[in-house]
Number of protein chains: 2
Amino acid sequence: MSHVQNIKAASAVCYGRHEPDTRSPLIRKLEAFVFLSRQDRTALEQLSAGARLVEPRTDLQRDGEMATDAVLVLDGFACRYKHRVTGDRQILAYLLPGDLCDVDAPHLGRMDHAVGTLSTCLVARISRETLATLMAQQPTVARALRLAKLAEEATAREWLVNLGTRSAAERMSHLFCELLTRLEAVGLAEDDGCKLPITQLDLADTLGLSSVHVNRTLQELRSRGLVELRGRSLKLRDLPSVRALAEFSPAYLRPAH
Amino acid sequence: MSHVQNIKAASAVCYGRHEPDTRSPLIRKLEAFVFLSRQDRTALEQLSAGARLVEPRTDLQRDGEMATDAVLVLDGFACRYKHRVTGDRQILAYLLPGDLCDVDAPHLGRMDHAVGTLSTCLVARISRETLATLMAQQPTVARALRLAKLAEEATAREWLVNLGTRSAAERMSHLFCELLTRLEAVGLAEDDGCKLPITQLDLADTLGLSSVHVNRTLQELRSRGLVELRGRSLKLRDLPSVRALAEFSPAYLRPAH
DNA sequence: CGAGACTTTGAGATCACTCAAGTCGAGTGG
DNA sequence: CCACTCGACTTGAGTGATCTCAAAGTCTCG
């Protein structure tokens, strides 16, 4: 139920103030890496303050500009991406609820890629100073963020293997397994299914395929009883087979375990 | 003349003790990012102590094992790579002279990929403690290493674009431009040429192509007067055209500039 | 109900792959 | 010094995966 369907629905979203189960996805994610104290959680919850709804297909950071502050995704799908001069786009990574991106942006000069929303997103911008204070005062949080970064790097390596060596069906299965696992970690998946609020064109630009071929591959996976993707929701009908096809093993998403 | 041709020749290599021009490649690389004091340089030179020659195709860190210490490449080509259960291999990154890899390996639990030599290499292993001391006592060096890491990440993003969106000839050109630029930075390239001590099969596993297709693409680039690769040495005969074909811009290799 | 974005389908073209054979070159042993 | 071996490179021919182009179908939202 968590993905922002439209602006009105999302306006009602409220994180972690009264109900124990509606922790911010950032906290849920980091708790998979470390044990957070009450102070840690409080500090993290404050990051969500001032979150704003952002339309689909909106840039959060532009390629070539100075990176100013970090971006925290609270709901919806965003991504890092790069455009070629030919107009081709390659998506480099997905930013899902709970992902805090460009923690060390300040070090970097100009961005060498862009960050943008795919669906409507609930997003908080976090200033360099806020972040520095957080990292200094909550060392456990700092450690968790470092581990999250390592997971991000491992994910990039998996994507290289995906693009370099796997067939269309394998690539797509691998991506679905990864997204499902990551969304499960923040409580946004159940029953081997999750929201997938992106277009087939987005998938194509992620997997290095044409959108036509994405469509046909999707049909193939469905006809084999493996995967179903209708509306904006994804269901892995036969998780063991999908994992086997993709050679997916979730270990890389949990470094230091 | 810097690449290790064979074991006897390499045994004579001696870094930065007497001659000002034979600085360790690590120092040359980091000086592209920051200004190093004499103490910084001395500390860095000590890392090269105890370097050993390693045969081609030898693992330096195995996939799935605990990462113990960091690896500093002083000469030769090494890489990060991953094997699929099908036997396919994907090379994830090249480790060239001056590259210090897995600085934060200690954080990580088990390696999610392997590191191995492609050619004969001169390699120093650096313990976690040595590294920690260095980072604590030479903050400038620590900063340079962080910048080097950012460049590594940017490189991985470029590779994703390469594998996802570029044709065989474009991919290969892009890789050549990148390697040339990186080797230039450590004084191992001249005249738009450099050593490239790897096989066509290695190239294939880097570029996500078959070795047969690598061979044919190489011939195409040569017949177009762009690139020559014979023996183990590479020459970009028409650098502007190769760069244009590859859409290569070296900015990503120099963050914060 | 109309417009625009997204998805689906068909058909032909192309890029890259596989398999298999043959060549080349460096190193080895007789 | 030659013959042999092994790994790397090259070549040809056929195959298959994926792409492009173009048109039609569907859904959503105003």
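This one's a predicted model, so the numbers in the text were calculated from it and none came from an experiment.
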*Rounded off to whole Å, could you give me the CE-to-C1' distance for the A/Met172 and D/dA17 pair?*
14 Å
*Length of the line joining A/Arg230:CZ and D/dT28:P, which is rounded to integer Å*: 12 Å
*NE2 of A/His213 versus C1' of C/dC15: gap in Å, rounded?*
13 Å
*Straight-line distance of B/Asp238 CG to B/Leu236 CG, nearest 0.5 Å*: 9.5 Å
*How long is the line joining CG of A/Leu209 and C1' of C/dC15, in whole Å?*
14 Å
_Integer-rounded Å distance: C/dC17 P and B/Asp205 CG_ = 11 Å
*Can you check the A/Leu203 CG to C/dT7 C1' distance for me, whole Å?*
12 Å
_I'd like to know whether A/Arg84 forms a salt bridge (Lys or Arg N to Asp or Glu O under 4.0 Å) with B/Glu247, so could you lay out the CA-CA distance, the side-chain angles of the two residues, the decisive distance to 0.1 Å, and finally the verdict._
CA-CA 8 Å; A/Arg84 289 183 54 192; B/Glu247 279 178 20; 3.2 Å; yes
*Does one side chain, of A/Gln219 or A/Asn215, offer a donor that lies under 3.5 Å from an acceptor on the other?*
yes
*Apply the salt bridge (Lys or Arg N to Asp or Glu O under 4.0 Å) test between A/Asp205 and each candidate in A/Arg80, A/Lys82, A/Arg89; give the one that qualifies.*
A/Arg89
*How long is the line joining CG of A/Leu163 and P of D/dT18, in whole Å?*
12 Å
*Side-chain heavy atoms of B/Lys195 within contact of B/Leu188, under 4.5 Å*: no
*Take nucleotides 8-16 of chain D nucleotide by nucleotide from the 5' end and write B, S or -, depending on whether a protein heavy atom sits under 4.0 Å from the base, only from the sugar-phosphate, or from neither.*
SSBBBB---
*Please report, rounded to the nearest Å, how far the C1' atom of D/dT20 is from the CG atom of A/Asp88.*
13 Å
_A/His174: partners by ring pair (Phe, Tyr, Trp, His ring centres under 6.0 Å), with sequence neighbours left out_ = A/Phe248
